[in-house]
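Owing to the predicted nature of the structure, the values given are computational and were not obtained by experimental measurement. Per chain, numbering begins at 1; letters A, B, ... match sequence-line order.
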Amino acid sequence: MLDKSYEPQNKENAIYKKWEENSCFKPASDLNKESNKENFTIIMPPPNITGQLHIGHALNNTTQDFLIRYKRMKGYNTLWIPGTDHASIATEVKIIDALKKEGLSKEKLGREEFLKRAWQWNEKYGGRIKLQLKSLGCSCDWDRCAFTMDDQRQKSVLHVFKQLYDEGYIYRGEKLINWCPTCKTALSDAEVEHVDENSNLWYIRYPYADKSGHLVVATTRPETIFGDVCVAVNPNDERYKDKIGKEVTLPIINKKIPIISDDYVEKDFGTGVVKITPAHDFNDYEVGKRHGFEPIKIMNLDGTMNECCAKYANLDRYQCRKELIEDLKSLDLIEKIEPYVLPKATCYRCHNAVEPMMSKQWFMDMQEMAKLGLDAVDNNELEIVPNRVQKIYRNWLENIKDWCISRQLWWGHRIPAFYCKDCGNTMVELKKPETCTKCGSSNIEQDPDVLDTWFSSALWPFSTLGYPDDTKDLKTFFPTSILVTAQDIIFFWVARMVMLSKKIMGKTPFSKVLINGIVRDDEGKKMSKSSNNGVDPIEIIEKYGADSLRLSLMFGNGTGNDFRFSEEKILEDRKFINKVFNSGKFLELVLSQTYETKLDVTKLNIFDKWIYTKLSEAIEEINKFIDSLDVCQAVNKMYSFVWDEFCNYYLEFLKPYVYSDDQNTRANACAILKDVYLNILKLLHPIIPFITEDIYSNFTHQFLINQNYATSIGTFEKESKDVEKIISLIQKIREVRLSYNVAPSKRITLVVDKSNISKDSLNIVNESKLVLSKMTNIEKIDLLDNIDDDSIKFVSELGEFYFYKNEVVDTEKEREKINKDIEKIIAEIKILESRILNPNFVSRAPQQLVEKEKSRYEYLLNSKNSLEEKLKNLK
RNA sequence: GGGAGAUUAGCGCAGUUGGUAGAGUACCUGCCUUACAAGCAGAGGGUCAUAGGUUCGAGUCCUAUAUCUCCCACCA
């Protein structure tokens with residue numbers, strides 16, 4: 001028995017449990033079942049364990065689950081691997097915050113204790129995430145669930161690191177890198193975010209060393225003057241040509257530095273003179289290198305100034321700036337101060353200012369890697385949907401710099417580099433070496449740093465399948481089929497997976513990437529942890545059910561377009577599920593009042609043939625849409641087929657038959673209804689898995705999740721067209737009844753002019769007598785040889801029909817109505833004339849179209865004439 | 001500074017080879033018709049941001065402009 005009404009809240013968890021217990025999420029190959037088709041594999045983008053999932057994750061995972069469920073029913077050997085990401089820096093930031101509240105710090109706790117905390121954190125939040133995914137109905141194989149820090153994934157990371165080191169792609173060196181003084185770690189370029197900040201451009205006087213006056217330097221960072229190695233001008237700048245080679249004296253510390261020329265300097269910006277601080281600015285670093293200057297470090301890693309900065313040593317850089325400006329002012333060395341907006345580099349995790357700093361770090365050489373990534377799209381090994389995103393991907397790879405992969409953090413994969421403390425030898429090994437390979441000393445220490453969290457993510461498509469071990473999974477499921485992800489991690493993640501998969505595995509990790517849109521809140525703002533407007537999917541699921549949430553996320557939103565989330569939309573979309581549920585109730589009711597026979601295909605009436613044709617068309621269209629990853633359109637089609645065609649028409653067509661007095665008619669009608677309905681459940685299962693499973697098992701005592709996808713008995717063109725004509729007749733009758741204000745309860749007579757209707761039309765009308773009377777409240781159909789002049793005439797595709805005037809009446813309404821119709825027709829005639837009377841159209845448009853328009857034109861002219869005549873005869 | 005997307009009915013949106021603008025929701029009218037009032041039947045509502053262009057024909061292709069959003073970016 002189905003529930004009294006649609007109430008998903010208490011059922012979904014139980015259904016999910018049943019699926020799990022019955023290994024429904026396993027690939028067929030695991031269960032030694034034959035699967036008739038190839039593999040279909042998705043590796044889930046692992047959510048960070050920093051917190052819980054929001055609606056954006058729900059959208060992402062619903063899309064994946066939709067595809068997996070669809071392919072599973074299509075007979076593919078499907079595997080969806082779930083997992084979570086340790087999110088090195090993000091998690092560490094969170095844990096440090098939590099420690100702060102306890103009055104603790106990372107340092108006080110020590111590395112070992114800190115890592116214990118991190119693992120506890122993982123238990124808690126990783127667990128919550130899994131629960132959320134299950135609530136959403138994700139049919140992933142939990143036995144294969146992976147975590148970027150679990151043993152197998154650690155093993156993958158070590159192997160890849162060692163291989164790339166041995167091959168020379170990974171190296172260690174001192175370079176200018178992005179440093180977060182708050183998180184106290186290096187960052188990659190991708191981890192730096194630029195935000196506009198209102199600041200100033202300070203014009204500082206640098207006196208010439210020979211005291212012959214001064215140069216004015218414009219800078220946004222006055223506090224870095226202590227690290228200046230020279231000042232630069234453009235070689236073609238007439239103002240300064242004769243000054244090149246002279247020296248200026250740095251204020252405060254009175255150090256002499258030369259004036260050099262470099263093309264990098266723009267004549268038109270500021271004063272055309274740039275101070276060069278190689279240790280604290282990326283451009284200056286390049287300029288300094290070109291001219292052979294050693295960078296001078298002036299900052300400590302915590303963002304305070306160091307001993308090079310005279311009395312400002314140990315001041316924070318911003319405090320230093322403030323005091324320095326005051327001091328320069330009192331020395332009359334500030335020419336002027338202009339307000340200036342500059343893009344400030346900030347840390348993508350803590351959002352504090354990032355400093356370029358000289359530091360010894362590990363890097364990955366990206367030149368060759370980038371080429372691999374570009375090849376993937378150039379050779380069509382990788383398709384990105386929507387296509388425009390490919391440009392972003394390509395642009396990033398074309399401008400890539402070496403990747404700084406070491407982080408001064410504790411939570412992450414410890415770099416497998418070991419240093420001999422006696423001779424300084426570096427060894428990269430999977431295990432700590434007992435003795436130094438060079439000097440034999442046993443005084444060996446491991447590098448304290450960990451890897452960028454995205455290093456392990458980059459290996460995800462093969463680490464999850466068991467790399468570096470030669471596993472069956474790796475052989476069977478790599479490369480995977482499709483990646484579904486969000487646009488904002490295309491650099492962090494997608495590009496790096498492609499590069500490293502090609503490098504390590506020799507193959508592109510997936511052939512397609514589907515980029516889903518960004519979820520916004522109901523005010524249109526991006527949902528994110530930082531803006532704190534995220535919505536917990538579980539909250540929504542508890543209120544409306546997972547099916548409602550899933551449907552709402554996928555319905556009526558262009559695939560890849562941004563999505564505006566609102567509870568109102570869920571309420572609207574939930575109605576569809578209610579509709580599906582209630583049509584199931586109807587089937588149940590009808591079955592309870594009859595006995596069932598085997599479906600007799602030879603006994604289909606025109607309505608049955610129509611719905612099967614419609615079902616075929618729907619299946620075909622939906623398949624096409626899903627194959628082109630247009631999930632939105634697929635769901636739109638499901639919606640209109642089920643609601644409009646099945647519920648609104650077919651169920652009504654069917655009623656006279658399922659309530660028929662003839663047992664056989666009744667039994668067959670029920671069997672057909674059941675067949676169509678069960679196929680609809682199959683059709684809908686990928687989008688609303690719980691309710692469809694619940695109803696399906698209620699009728700069949702079988703799992704729906706593992707059934708084959710929907711099929712139809714066939715298509716019947718003639719009957720299908722006939723029924724379309726009946727539908728238009730029904731609509732016409734309803735319209736006419738309403739326009740004459742005939743009470744819905746009033747049963748009236750439909751009149752047919754015997755001499756003026758085709759045999760075919762008459763047959764169709766006869767066959768649909770029952771249906772017509774039920775759906776339009778027609779009492780009887782009169783076939784007459786002569787029609788009274790004052791009968792109410794209307795035209796449908798089946799021919800001309802009439803109502804008796806005394807049953808319908810009201811001349812005034814009639815006149816109004818006819819006038820309105822004529823107006824409409826005239827408008828359309830005008831449009832058609834503009835074409836048909838245009839010789840260009842007639843000669844250049846496709847012949848078929850021309851014919852069609854012409855006959856439509858004829859038809860409209862006739863209709864217009866007869867209506868005008870009608871109007872004349874109206875008394 | 002560079003790039004991308006958006007602009008369609010009151011609202012939030014769909015519309016892939018160019019061929020008379022679509023569903024949902026809201027509003028209006030009439031219905032508690034034995035699956036469903038979370039429903040049924042019907043009506044109204046749009047020079048598809050603006051201006052040009054290509055074409056027999058443009059929401060759809062091209063070029064500008066405007067507004068909004070996002071991404072990238074070292075002009076000190």
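Pair check for C75(B) finds none; no Watson-Crick or G-U wobble contact set falls under 3.5 Å. Within the shown strands, A41(B) is the pairing partner of U29(B) under the Watson-Crick or G-U definition, both distances less than 3.5 Å. U50(B) and A64(B) make up a base pair, with Watson-Crick or G-U wobble contacts both under 3.5 Å. Pairing for C70(B) goes to G3(B), judged as Watson-Crick or G-U wobble with the two contacts each under 3.5 Å. Partner assigned to U17(B) is none, using Watson-Crick or G-U wobble distances below 3.5 angstrom.
Residue Glu853(A) is out of contact with every strand shown, counting any heavy-atom pair closer than 4.0 Å. Leu849(A) comes within contact range of at least one nucleobase, with a heavy-atom separation under 4.0 Å. In this structure, Leu342(A) reaches neither bases nor backbone, as no heavy-atom distance under 4.0 Å exists between it and the strands shown. Counting any heavy atom pair closer than 4.0 Å across all strands shown, Pro356(A) reaches no nucleic acid atom. Within 4.0 Å (heavy atoms only), Glu568(A) reaches no atom of the nucleic acid at all. Base engagement by Phe269(A) is indicated by at least one non-hydrogen atom pair under 4.0 Å involving a base atom.
When the C1' atom is compared between U29(B) and A64(B), the two are found 47 Å apart, to the nearest whole Å. Remark: the separation of the C1' atoms in C11(B) and U20(B) is 27 Å, to the nearest Å. Nucleotides C48(B) and A14(B), compared at atom C1', are 13 Å apart to the nearest Å.
Listed nucleotides G19(B), A14(B), A35(B) differ in distance to Lys585(A); the shortest reach to its side chain belongs to A35(B). Ranking G19(B), C13(B), C75(B) by closeness to the Ala845(A) side chain, first place goes to G19(B). With distances taken from any side-chain atom of Val265(A) to the nucleotides A76(B), A38(B), C71(B), the minimum falls on A76(B). Set against U16(B), G24(B), A76(B), the side chain of Asp630(A) has U16(B) as its closest nucleotide. Residue Pro343(A) has its side chain nearest to A73(B) when only G24(B), C36(B), A73(B) are considered. With distances taken from any side-chain atom of Phe586(A) to the nucleotides G42(B), A35(B), C75(B), the minimum falls on A35(B). Comparing atom distances between the Val274(A) side chain and each of A76(B), U20(B), U16(B) picks out A76(B) as nearest. Side-chain proximity of Arg564(A) to the nucleotides G42(B), G39(B), G12(B) is greatest for G12(B). With A14(B), A35(B), U20(B) as the candidates, the nucleotide lying closest to the side chain of Tyr659(A) is A35(B). Here the side chain of Asp196(A) is nearest to one of A38(B), G42(B), A73(B), namely A73(B).
Taking atom CH2 of residue Trp643(A) and atom P of nucleotide A38(B), one finds them 11 Å apart after rounding to whole Å. Look at CD1 on Ile691(A): it is 17 Å from P on A38(B), rounded to the nearest Å. One interatomic measurement links the two molecules: CG of Leu2(A) to P of C36(B), which rounds to 13 Å at whole-angstrom precision. Rounded to an integer number of Å, the gap from CZ of Arg574(A) to C1' of U25(B) is 15 Å. When rounded to the nearest whole Å, the span between CZ of Arg388(A) and C1' of C70(B) equals 10 Å. As a whole-Å value, the separation of Leu837(A) CG from G57(B) P is 15 Å. Per the geometry, CD belonging to Gln487(A) stands 13 Å off C1' belonging to A6(B), to the nearest Å.
A sub-4.0 Å separation between OP1 or OP2 of C40(B) and a side-chain N or O of Asn648(A) is present.
Contacts of Lys243(A) classified as side chain to side chain donor-acceptor pair (under 3.5 Å), with partners at least two apart in sequence or in another chain: none. Partners of Phe555(A) according to the ring pair (Phe, Tyr, Trp, His ring centres under 6.0 Å) rule, which considers only residues two or more places apart in sequence or in another chain, are Tyr639(A).
Toward the 5′ end of RNA chain B lies the nearest nucleotide of Glu7(A), the other residue of the pair Arg520(A) and Glu7(A) mapping further downstream. When the nearest nucleotides of RNA chain B are assigned to Lys579(A) and Gly556(A) by heavy-atom distance, the more 5′-ward of the two goes with Gly556(A).
Phe641(A) and Phe646(A) have tilted rings, their planes meeting at an angle from 30° to 60° on a 0 to 90° scale.
Within the model, atoms NZ of Lys543(A) and CD of Gln9(A) stand 11.5 Å from one another, a figure rounded to the nearest 0.5 Å.
Judged purely by atom type and a 3.5 angstrom limit, Arg666(A) uses its side chain to pair as donor or acceptor with the backbone of Ser660(A).
Between Lys655(A) and Glu652(A), at least one side-chain N (NZ, or NE/NH1/NH2) sits under 4.0 Å from a carboxylate O, which counts as a salt bridge.
Lys275(A) and Thr277(A) share a donor-acceptor pair across their side chains, judged by distance under 3.5 Å alone.
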